[in-house]
Amino acid sequence: MRTPSLTSTTSFQALENHAVQAEDWEMRDLFAADPQRFERLSCEGAGLFLDYSKNRLDGRTLELLAELARERGVEARRDAMFAGERINNTENRAVLHTALRAPRGSNLIVDGQDVNADVHAVLDRIKTFTDAVRSGEWLGHTGKPITDIVNIGIGGSDLGPKMVVLALRHYAHPRLKMHFVSNVDGHDMDAALSQVDPETTLFIVASKTFTTAETMMNAQTARSWFLERASAQSADSALAKHFVAVSTNLEAIKTFGIDPANMFPFWDWVGGRYSVWSAIGLSVALAVGFGYFSDFLAGAHDMDEHFRTAPLEQNMPAILALVGFWNREFLDAHSVSIAPYHQDLNRFPAYLQQLDMESNGKCVTREGEPVDTPTCPAIWGEPGTNGQHAYFQLLHQGTDVTPIDFIAALRPAHEMEHHHTALLANCFAQSEAFMKGKTIDEVRADLQGQGLSAEEVERLAPHKTFPGNRPSNTILMERLTPSTLGALIALYEHKTFVQGVIWNVNSFDQWGVELGKVLAKKIEAELLGESQPKDGKLSHDSSTNGLIARAKAAF
Ligand code: F6P
């Protein structure tokens with residue numbers, strides 16, 4: 001059955017009318033009118049706390065948004081996802097990253113296959129392998145323990161593991177140094193190889209498809225580098241000590257020359273950007289150990305349970321999604337800034353870029369019709385206080401409204417308490433400043449108090465005025481631990497899911513990256529001189545032809 005267009009739904013139209021009333025709302029007034037606003041517009045779940053009171057909305061807005069979510073079938077689609085139905089309709093696949101973090105014994109049979117048993121069989125292998133490497137029992141080809149691990153992957157096979165390893169650096173094994181190579185730019189591989197020793201390095205080739213051009217080129221380069229330096233013994237036995245693969249593609253791994261015994265599999269129902277919970281998280285398990293990796297999965301599972309069972313009005317991922325939807329549709333927010341007030345989350349905005357923008361950066365519905373409202377905003381950000389001294393100027397006084405997600409841990413993982421107090425003070429002060437702003441009268445009073453002349457006051461006042469009324473969410477956790485990090489990532493996964501259902505896009509394909517890949521192959525052949533222009537005619541537009549010509553002249 002065709003899904004009605006978003007703008008034709010009763011609940012969307014009710015929201016449109018409501019948005020007209022809300023147009024003049026000032027958050028300052030909303031706070032003044034309701035002393036319970038913070039209690040009313042905040043919620044908790046899976047070790048996380050979400051304050052969404054600093055948004056331009058009220059209780060009625062939330063009711064209408066929840067009605068919209070129901071009318072769009074969010075609950076039914078959520079249940080279909082958890083049950084393993086093929087909700088990825090353009091690739092005819094189930095979407096089961098939630099199954100990767102379900103405890104052993106959870107019953108999930110999909111197409112006659114015991115998914116839970118499959119998942120835990122791979123987890124058992126990950127435990128055995130990571131225990132051996134971490135304890136020093138797994139030795140390189142000259143008998144030395146592993147000291148360096150190089151994860152070769154890109155997109156979801158890089159961003160998740162890299163972000164999590166950084167975020168959990170306090171839990172990491174002291175002997176193991178982690179490296180991540182993703183870019184086909186040789187400088188990336190060069191930087192990693194210049195730091196490692198072939199006798200003590202383990203390479204993980206992480207690729208769901210095992211066909212991704214960048215990863216394949218990087219893996220071949222690492223293999224050649226290793227073989228050129230490996231001490232005399234059979235290549236296969238040396239490689240077997242230093243190369244493992246994480247993939248769904250057994251045949252391609254064999255062709256590459258990796259021992260199938262060194263392959264950690266996963267399944268087509270795990271999307272690349274949802275794969276850190278699968279064997280793609282091998283580098284995480286190596287860094288922090290299987291125990292903490294299990295805690296990471298358990299934290300995500302807690303959020304899954306919250307998402308699966310909490311009513312939409314108290315459901316943290318649903319609320320985050322609905323508030324984001326409101327800001328996108330009715331406040332015309334073109335982008336969302338992610339501001340982790342935690343240095344160890346410094347790759348989190350980059351991780352969310354793929355999660356959100358690859359999932360919901362779509363312009364047609366699941367049925368292939370053009371969408372009738374804007375969809376995913378651009379996602380970007382940097383750790384909090386650094387952003388304050390760079391682009392926050394625009395967020396405070398620029399012409400666009402950019403909602404911000406502040407993320408902080410109440411307790412640090414270090415003992416410099418005064419740093420942490422200053423950090424939290426900055427985080428809370430920013431959300432207050434975005435909400436309240438500073439009126440021209442307040443600015444005038446300040447300047448007069450400083451003894452400035454009336455003329456100077458009038459000259460400076462407009463520059464020092466802050467419009468305020470700018471929306472933000474604040475997400476707090478007690479500490480950044482494997483479990484709260486798991487819950488945080490799952491929170492955003494489900495937020496992305498809910499928004500995708502409301503927009504009626506397929507959040508689980510990514511056809512938009514294909515065209516560039518195809519054209520790059522063609523141009524690479526032209527740069528190498530392997531393919532020649534037909535009938536003497538250059539095959540691109542004048543810009544692309546010109547760029548190719550300049551590059552060829554420089555070779
Ligand atoms: O090209 C996009 C993409 O397919 C992402 O969705 C994926 O995470 C990334 O490439 C890497 O893919 P693979 O793990 O198959 O190498």
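Order of appearance sets the numbers: ligands from 1, and atoms from 1 within every ligand. Note that the structure is predicted; figures quoted are calculated from it, not measured.
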Exercise. With ring centroids as reference points, do Y351 and Y492 lie under 6.0 angstrom apart?
Worked result: no
Exercise. To which protein heavy atom is atom 8 (O) of ligand 1 closest, and what is the distance rounded to 0.1 Å?
Worked result: G156 N, 2.8 Å
Problem set entry | Per-atom contacts of ligand 1 with S207, taking only distances under 4.0 Å to non-hydrogen atoms | 13 (P), 14 (O), 15 (O), 16 (O)
For this session: List the closest protein heavy-atom neighbour of atom 9 (C) of ligand 1: residue, atom name, distance to the nearest 0.1 Å.
Result: I154 O, 3.7 Å
For this session: Nearest 0.5 Å please: distance from the CE atom of M216 over to the CD1 atom of I152.
Result: 9.0 Å
Problem set entry | Atoms of ligand 1, numbered as shown, that sit under 4.0 Å from any heavy atom of T212 | 12 (O), 13 (P), 15 (O), 16 (O)
For this session: May I ask you to identify, for Q510, whether its side chain, its backbone, both or neither come under 4.0 Å of ligand 1 on a heavy-atom basis?
Result: side chain
Exercise. Can any side-chain N or O of R273 pair as donor or acceptor with the backbone N or O of G155 at less than 3.5 Å?
Worked result: no
Exercise. At a 4.0 Å cut-off, with the gap strictly under it, does some heavy atom of E514 reach an atom of ligand 1?
Worked result: no
For this session: Nearest 0.5 Å please: distance from the CD1 atom of I489 over to the CZ atom of F348.
Result: 6.0 Å
For this session: Examine H141 together with F226 and report whether their ring centres are nearer than 6.0 Å.
Result: yes
For this session: Indicate yes or no for a side-chain donor-acceptor contact from N151 to the backbone of S157 under 3.5 Å, with no hydrogens or angles considered.
Result: yes
For this session: Please determine if K517 has a nitrogen or oxygen closer than 3.5 Å to a nitrogen or oxygen of ligand 1.
Result: yes
Exercise. Does any N or O atom in G272 lie less than 3.5 angstrom from one in ligand 1, N or O only?
Worked result: no
Exercise. Which residue owns the protein heavy atom closest to atom 15 (O) of ligand 1, what's the atom, and how far is it?
Worked result: T209 OG1, 2.6 Å
Exercise. Looking only at heavy atoms, is any part of V513 under 4.0 Å from ligand 1, and if so is it the side chain, the backbone, or both, or is it neither?
Worked result: side chain
Problem set entry | Within-4.5 Å side-chain heavy-atom neighbours: H301 and W277 | no
Exercise. What protein heavy atom is closest to atom 6 (O) of ligand 1, reported as residue, atom name and distance in Å?
Worked result: E358 OE1, 2.7 Å
For this session: Kindly indicate whether the side chain of D190, heavy atoms from C-beta on, has any atom under 4.5 Å from the side chain of W225.
Result: no
